[in-house]
Amino acid sequence: MINSSSKPSAIFCDTLRFFQLRSGFENVQVEPLTVDLLPGQHLALSGASGCGKSSLLQVIAGLKAPQKGSFNYQQQGIDSGSLPFWRQQLCYLPQQPIMGADTVLDVLLLPWYMKAIRSPHTKPTIQHCLQALADAGLVVELDKNVALLSGGEKQRLAIARAVLMQRSVWLMDEPTSALDPVARDKIISLVKALHVICISVSHDPVWLATANQVHNMDITSGIDQ
């Protein structure tokens, strides 16, 4: 049983905190990102094409250095020295899914083949893989060549792989861009059920409406609750 006096510190330890974060690709009039996120919360980055949403997401993923500001997770500052720790916490799902293998099964198991997953997460079983596909709303044979999949199927396959990785932070770039409404709603429900911290880039008004907070990166910007 958790003592009630320990709950605030436990919550603080799981917080993802941003302080005046900028990628440098935003308009100078856009407010930097300053927000705290807890497990189960979703922050969406919105704005017109070219406003710097994806660049900011890449900074958060550790793929680009920030122009200014900082962020931390579990009370640990994220910088070049702590990237190995940070990359063990997150799943980065770019708009164009990276498959990295020829068959559906090999795509799902790619992080284990590349030894990108540390214990205690053991290699998933076939049943685990089938369940992850079902969770993502994808009905496909495990031996199917991924070259034969549609763009939407590849998006859902990448999401199924993220489910298997059991990471606590998901970064998603236009996750519904190739999905029909039924598939989109399935992914919305999945992200909520997993209780991860989700940061997404999206133009989809239905997806944006599910976010706890929206960081608008147009010139008249701000964070909407």
Counting only N and O atoms by type, is there a donor-acceptor contact under 3.5 Å from the side chain of [X] to the main-chain atoms of [Y]?
{"X": "S82", "Y": "D79", "result": "yes"}
{"X": "S202", "Y": "D204", "result": "yes"}
{"X": "K64", "Y": "L56", "result": "no"}
{"X": "Q89", "Y": "F85", "result": "yes"}

Looking at side-chain heavy atoms only, is the closest gap between [X] and [Y] below 4.5 Å?
{"X": "L138", "Y": "E153", "answer": "yes"}
{"X": "H215", "Y": "V35", "answer": "no"}
{"X": "V30", "Y": "C51", "answer": "no"}
{"X": "R161", "Y": "P111", "answer": "yes"}
{"X": "L21", "Y": "T34", "answer": "no"}
{"X": "W112", "Y": "T122", "answer": "no"}
{"X": "T103", "Y": "N145", "answer": "no"}

Minimum heavy-atom distance between V104 and V146, given as atom pair plus value: N-CG1, 3.8 Å
Closest approach of A44 to L208 (non-hydrogen atoms, all atoms of both residues): CB-CD2, 3.5 Å
Neighbour count above 12 (heavy atom, 6.0 Å) for F25 CZ: no
CG/L83: more than 12 non-hydrogen atoms of other groups inside 6.0 Å: yes
With Y73 via ring pair (Phe, Tyr, Trp, His ring centres under 6.0 Å) - residues at least two apart: W86
Sequence-distant partners of F18, ring pair (Phe, Tyr, Trp, His ring centres under 6.0 Å), two or more places apart: F71
Under 3.5 Å side-chain donor-acceptor pair for [X] and [Y]:
{"X": "S54", "Y": "D173", "result": "yes"}
{"X": "S46", "Y": "H203", "result": "no"}
{"X": "S70", "Y": "Q20", "result": "no"}

Side chain to side chain contact (heavy atoms under 4.5 Å, CB included) evaluation trace for V140 with L133: CA-CA 8 Å; V140 64; L133 291 173; 4.2 Å; yes
Connected-component partners of L190 among ILVMFWY, side-chain separation under 4.5 Å: L93, I159, V163, W170, M172, L179, I187, I188, V191, L194, V196, V206, W207
Among Q166, Q88, R167, the one residue meeting side-chain contact (heavy atoms from CB on, under 4.5 Å) with I117: R167
Test side-chain contact (heavy atoms from CB on, under 4.5 Å) applied to L105 and V107, D102, L109, the passing residue: L109
Criterion side chain to side chain contact (heavy atoms under 4.5 Å, CB included) on T15 and L37, from CA distance to verdict: CA-CA 6 Å; T15 303; L37 297 173; 5.9 Å; no
Result of checking Q127, H128, K123 against T125 for side-chain hydrogen bond (donor to acceptor under 3.5 Å, both in side chains): H128
Side chain to side chain contact (heavy atoms under 4.5 Å, CB included) evaluation trace for I197 with L38: CA-CA 6 Å; I197 293 175; L38 294 170; 5.8 Å; no
Trace of the side chain to side chain contact (heavy atoms under 4.5 Å, CB included) decision for R184 with D180: CA-CA 6 Å; R184 176 199 61 208; D180 61 31; over 6 Å; no
